Amino acid sequence: MAIRFFDMFAGIGGFRSGLEAVGGFECIGHCEIDKRTNMAYCAIYDTEGEYYCDDARKINPDEMPDFDLLCAGFPCQSFSVAGKRLGFEDTRGTLFFEVARLLAAKRPAFFLLENVPGLLSHDGGKTLETIYAALIEMGYHFEWCVHNSRYFGVPQQRRRLYIRQLIGGAQGQRVYDPNGVACTQAATSGGWGGKTGLYFIDMNSDPVVPDVARCITARQDSGVSKHRGEHSAVLIEDAPRAILTPDREKVRQQGRRIKEPDEPMFTITAQDRHGILHRGRIRKLMPIECWRLQGYADEQFNKTAALGLKDGHLYKMAGNSVSVPVISAIGQRIKAVNEKYEIVR
């Protein structure tokens with residue numbers, strides 16, 4: 001019997017794509033508040049006859065089918081180091097309690113939650129303690145771990161916290177694969193990089209940017225300027241390098257803005273844009289490349305692009321998604337546990 005799941009805060013269906021790739025999972029419905037993202041979801045998947053609600057706060061458990069697994073990548077901006085980290089003071093942070101409300105009402109055997117690693121340390125651990133207390137009070141025993149998408153077959157450095165649970169039986173084991181490379185992408189267009197494809201890098205005598213990489217800007221007619229970050233010299237590179245959003249000088253990931261050749265891409269976030277630096281030329285990643293870095297098939301991207309959405313929306317959808325291969329790996333563990341203990345019959 002298939003494990004029936006509900007796709008909460010569905011986005012473009014990273015949970016769904018990952019679980020359906022494993023087989024033995026059946027989606028009974030989804031919830032997504034963004035109209036354009038929901039258009040994409042319905043274009044990619046066959047949702048006819050399934051339960052749908054646009055707002056998690058409006059979900060009536062009595063009106064939806066029963067399910068065995070709740071999937072929810074509840075909004076992470078309020079816990080992310082890239083945001084203001086307001087946590088439960090932010091209205092987005094309170095949406096976790098909608099997850100708890102649905103778990104309490106439907107009592108699925110499994111749940112799979114995803115968020116940023118910043119949730120672990122937010123407010124000195126008090127936020128995570130609140131979440132744990134809510135889950136434990138409902139009788140759940142759960143396991144958490146931070147997975148990096150780079151170890152699951154996509155070239156993206158994306159560390160995310162996953163919390164998974166089942167009632168009764170043994171806990172699933174952590175899933176790690178030492179092979180693979182990767183880097184996370186962003187969801188919104190950022191200044192110069194997003195608008196022109198040319199990256200703005202500090203070229204002064206005391207640059208913050210490490211390594212030897214210094215890239216050209218749109219203005220190269222007057223040489224290297226004394227004005228901070230205005231001009232740059234020509235850079236010759238023998239191999240491509242990943243480069244982070246250039247117009248935001250203080251933005252770093254792991255203290256870096258430019259990577260060595262053959263290193264994985266930076267993490268896709270809601271604020272950053274990414275590009276490739278090679279032989280003094282820079283181009284930003286295309287939307288389809290960002291979708292590929294999250295593990296989506298070109299066919300899925302093409303169905304969404306056919307809706308006529310702007311590139312900015314396509315970037316955002318990729319940046320807000322979970323990585324499909326990571327969900328598949330966790331889905332395999334859930335399926336194995338279910339088969340061993342015959343929880344869902």
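What you see is a predicted model, and the numbers here were worked out from it, not measured in a lab.
Minimum interatomic distance between Tyr132 and Trp144 (heavy atoms only, all atoms of both residues): OH-CD1, 2.7 Å. Closest approach of Phe74 and Ile131 over heavy atoms only: CZ-CD1, 4.2 Å. What you find for Ser17 and Gln300 is that their closest heavy atoms are OG-NE2, 2.9 Å.
Look at Arg36 and Asp34 and you find no salt bridge, because none of the NZ, NE, NH1 or NH2 atoms lies under 4.0 Å from a carboxylate O. A salt bridge links Arg345 with Glu342: the distance from a Lys NZ or Arg NE/NH1/NH2 to an Asp or Glu carboxylate oxygen falls below 4.0 Å. Glu63 has no carboxylate O lying under 4.0 Å from a charged side-chain N of Lys58, or vice versa, which leaves the two without a salt bridge. Salt bridge present: Arg101 and Glu98 bring a charged side-chain N and a carboxylate O closer than 4.0 Å.
A donor-acceptor distance shorter than 3.5 angstrom exists from the side chain of Asp68 to the backbone of Arg4, with no hydrogens or angles considered. Between the side chain of Lys106 and the backbone N or O of Pro61, at least one donor-acceptor pair lies under 3.5 Å.
A donor-acceptor contact under 3.5 angstrom links the side chains of Tyr296 and Ser321, judged on distance only.
For the atom pair OG1 (Thr130) and CG (Leu135), the distance works out to 11.0 Å, reported to the nearest 0.5 Å. Of the inter-residue distances, the one linking Phe110 atom CZ with Phe67 atom CZ reads 13.0 Å to the nearest 0.5 angstrom.
Leu19 places none of its side-chain heavy atoms less than 4.5 Å from the side chain of Ser328. Side-chain atoms of Asn115 and Arg160, non-hydrogen and from C-beta on, never get closer than 4.5 Å to each other.
Classification of the Phe25-Phe5 ring pair by plane angle, with boundaries at 30° and 60°, yields perpendicular.
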>> Set out, in order, the CA-CA distance, both residues' side-chain angles and the distance that settles side chain to side chain contact (heavy atoms under 4.5 Å, CB included) for Tyr51 and Ile59, then state yes or no.
In response: CA-CA 10 Å; Tyr51 175 84; Ile59 294 178; 3.8 Å; yes
